[in-house]
A.B. asks: 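Next up is a structure, given as C-alpha cells.
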Number of protein chains: 2
Amino acid sequence: MQSAEHPSRTARGRAAAGEPRPRFDTLTVPKASDVLAAEVRERILSGEFTEGMALPPERQLVEQTGLSRATVREALRVLEVERLLEIRPGRGGGAFVHRPGRESLANTVRLVIRGQRIRLEDLHETREAIEPACAALAARRRTDADLAELDDAHAELVAAGDDIQRFLRANIHWHNAVARAGENELLIGFMSALSQSIHAATDIEQFMDADIRKLTARAHARITEAIRDRDSEAAMRRMTRHVCGFAQAAAEVDRRDGVELTDPEN
Amino acid sequence: MQSAEHPSRTARGRAAAGEPRPRFDTLTVPKASDVLAAEVRERILSGEFTEGMALPPERQLVEQTGLSRATVREALRVLEVERLLEIRPGRGGGAFVHRPGRESLANTVRLVIRGQRIRLEDLHETREAIEPACAALAARRRTDADLAELDDAHAELVAAGDDIQRFLRANIHWHNAVARAGENELLIGFMSALSQSIHAATDIEQFMDADIRKLTARAHARITEAIRDRDSEAAMRRMTRHVCGFAQAAAEVDRRDGVELTDPEN
DNA sequence: CGGCCTCTTTGGCTGAACCATTCAACACAG
DNA sequence: CTGTGTTGAATGGTTCAGCCAAAGAGGCCG
C-alpha cells in the first residue's frame, strides 16, 4: 500500500511534464491456499496425478511449498470439498487423488439444486427433458443385466403393495436403472440428483394413492417392454407421457396444498 | 481401542454364560470443522441466514464455538468453496451469506464434467436431450427482450464472417440466450456448462469451415423464427436437427483426427 | 471544508506445539 | 514357533499466540 502511494506522488510530478504514465488495472491478489489448490487441481485434472496416487504428507508439502501448515491444509481441504482428494488420517493416511464417480456428480448437483432453491417446476421440466432421452438411450444400449435390473425393480414395485415407502424406493430404483442402462455418465448423474431432489421436495404421500400407484406400475411395465424390444422411439414416447403425467399430478396436488397450507401461515 | 479390547475379555466370560452382548458399529468421528460447516450450511439453506447477511467475525466465532481459529477458518473455507459464503478481507469485511446464482451452477457443473472426464459423446447426447427442451420453453416464454438478444446474437454471428473466434463467441452467446429465454434456472445452468465444455473439448477450428458456418447461421435463423412465432413444436424440432447435425459433424472430424493424431503417438 | 493521517477492525498467514489415529515392528508368553 | 500384547513412528486434527495486510472510520490540520 505504502509502496503504491509513494511512487504516485513522484509520478504526479512527471505527469505535469506531459509524459503519459503506464496504466495499472486493479490487480487481484489470490490467496496462497488458492494458488496451491489450483496447482494441485490442474495436475489432477490433467492426469499427471493419477487416481489413488498419494500426495506428500502435509509437513513435507510445507517444506516444498514454503507455506505454513494451515495454508497447506486449507488448500487440501478445498480440494477435498471439490472431491478431487480424499484425506485419510492416521499412519498410512494422507491425501489421495480421487477422481469422483457418478455418486459425487449426483451429490454435487443435488447440493446445487438445494442451494439455489430451484423451483420444483424447473425440476420437473428438466426431468421431462432428460428422462425420455435416457429411456431412448437405454433402449439402444441395454444389456441383459440392465434388463434384469429393470425387471427386478419393477417386480419390487408391484410387490410393494400398500407399503408406500417401499413403493417409492422401488420407483427411484427403477428410474435410476433406466438411466444406468443408457450408459451416459452425465445423464446418470443428472437423473439421479433430479429424482432424489424431486422426491424430497414432493409431499408424495399425499397423492401416491392406489390409482396413481397402479398407473405408475403400468407405465413402468410398458416402458420396460420398449427397452426390452430395443424400441427407442416407443421408450422415449412412453417415458415422456409418464413423467409429464407425474408432473401434472404433482402440480395438481401442490395447488391443492398451496391453498390448504400457505393460507393459514399468512 | 484399549477400552474396546479390555471389556471384551470380561464380556467373553459372560458370553460363555450365554448372555448376548450389545453390538457396536464402527463409529465415525466427524471433524470439528465439518460439524461447524454443516451447522452453518443448514442454517443458510433453511433460510435462517438470509442473502447478504454477515456472519460474526472469525475471532468472535472462535469465542462462541469454543473452537480454534484455524478450525473456524477451515469451516468457512469449505462453505466458501460450496459458494454458500463470500468472504471479504479488510475492515467491514467478513463472511457474507451468498445464495449462489446461475453462474456458479454452471461453474460447478463444468468442474464436475471436467473432473469426471465425461466423454465428449456423453456431452453431445446430453445436449441433444436438453437443448431442444430449452428451445421449446423459450418459444413459450420468450419476452421481447429475449427476442432482441437472440436477434443481436444472430446478427453478430452473421457479421463475424471469417473471424472464427468471433463466430464461436456469438454462437455460444446465442445458445445461452435460448436457454435464458426458457426461464428455467436449472436448464440454463446445465446448458451453459455444456456448451462451454463442448466448445472447450472440440477442436473446433478444424471443422468450422465456411459451409458449416453458413449452415449454423441458417439453423439459428430458423429456430429464432420459431421462437419469435411462439411455435414451441417447430423450435424443438429444428433445435434437435441443429444439435444432432453438430454432433455428427463433430464425430466425423473427431474420427478423422483419431486416425491422424493418436496413431503417431503410439 | 477537504485532504491526509492514524487507528481500528477484519481476514490472511506463520510457527510451534500437542492430541488422536493408525499401522508396523518387536518382544514376550504360551 | 505362534500369536498376542506393547511400543514407537508416521500422519492428519486441533489449539494457541502472534504478526501482517487491507480497508474503512474518524480525527486532525491546513
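Keep in mind the model is a prediction, meaning the values are calculated, not measured. Lettering follows sequence order; numbering is per chain, from 1.
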A.B. asks: Under 3.5 Å, which donor-acceptor pairs do the side chains of residues 46-55 of chain A form with other protein atoms, sequence neighbours left out?
C.D. replies:
unit_1	atom_1	unit_2	atom_2	d
A:S46	OG	A:E42	O	3.2
A:S46	OG	A:R43	O	3.4
A:S46	OG	A:E48	N	3.4
A:E48	OE1	A:R43	NE	3.2
A:E48	OE2	A:R43	NE	3.2
A:E48	OE2	A:R43	NH2	2.9
A:E51	OE1	A:R99	N	2.7

A.B. asks: Contacts to DNA chain C from residues 85-97 of chain A, heavy-atom cutoff under 4.0 Å, which residues?
C.D. replies: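 The answer is A:G90, A:R91.
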A.B. asks: Please, which pairs that meet salt bridge (Lys or Arg N to Asp or Glu O under 4.0 Å) have at least one residue in residues 187-200 of chain A, sequence neighbours excluded?
C.D. replies: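 For residues 187-200 of chain A: none.
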A.B. asks: Atom CG of A:L36 and atom C1' of C:dC13: how far apart are they, to the nearest Å?
C.D. replies: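 Taking CG of A:L36 and C1' of C:dC13, I get 14 Å after rounding.
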A.B. asks: Only counting residues at least two apart or in another chain, list the ones meeting side chain to side chain contact (heavy atoms under 4.5 Å, CB included) with B:S33.
C.D. replies: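 For B:S33, the residues satisfying side chain to side chain contact (heavy atoms under 4.5 Å, CB included) (neighbours in sequence not counted) are A:R77, B:K31, B:T71, B:E74, B:A75.
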A.B. asks: Using the test side-chain hydrogen bond (donor to acceptor under 3.5 Å, both in side chains), find all partners of B:S104 that sit at least two apart in sequence or belong to another chain.
C.D. replies: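 With neighbours one apart ignored, the set is empty.
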A.B. asks: Has B:R117 got a side-chain atom pairing as donor or acceptor with A:L45's backbone, closer than 3.5 angstrom?
C.D. replies: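 Checked: pair present.
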A.B. asks: Give, ordered by number, those residues of residues 58-83 of chain B having at least one heavy-atom distance below 4.0 Å to an atom of DNA chain C; if nothing qualifies, reply none.
C.D. replies: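 Per residue number, the list reads B:E58, B:R59, B:R69, B:R73.
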A.B. asks: Among all residues two or more places apart in sequence or in another chain, which pass the salt bridge (Lys or Arg N to Asp or Glu O under 4.0 Å) test with B:R88?
C.D. replies: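 In terms of salt bridge (Lys or Arg N to Asp or Glu O under 4.0 Å), with neighbours along the sequence ignored, B:R88 is linked to B:E86.
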A.B. asks: Quick one: list whatever passes salt bridge (Lys or Arg N to Asp or Glu O under 4.0 Å) with A:D122, sequence neighbours left out.
C.D. replies: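 Scan of A:D122 (salt bridge (Lys or Arg N to Asp or Glu O under 4.0 Å), adjacent residues dropped) gives A:R119.
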A.B. asks: Which residues pass the side chain to side chain contact (heavy atoms under 4.5 Å, CB included) test with A:E82, sequence neighbours left out?
C.D. replies: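 Side chain to side chain contact (heavy atoms under 4.5 Å, CB included) list for A:E82, sorted by chain: A:R41, A:V78, A:L79, A:L84, B:V81, B:L111.
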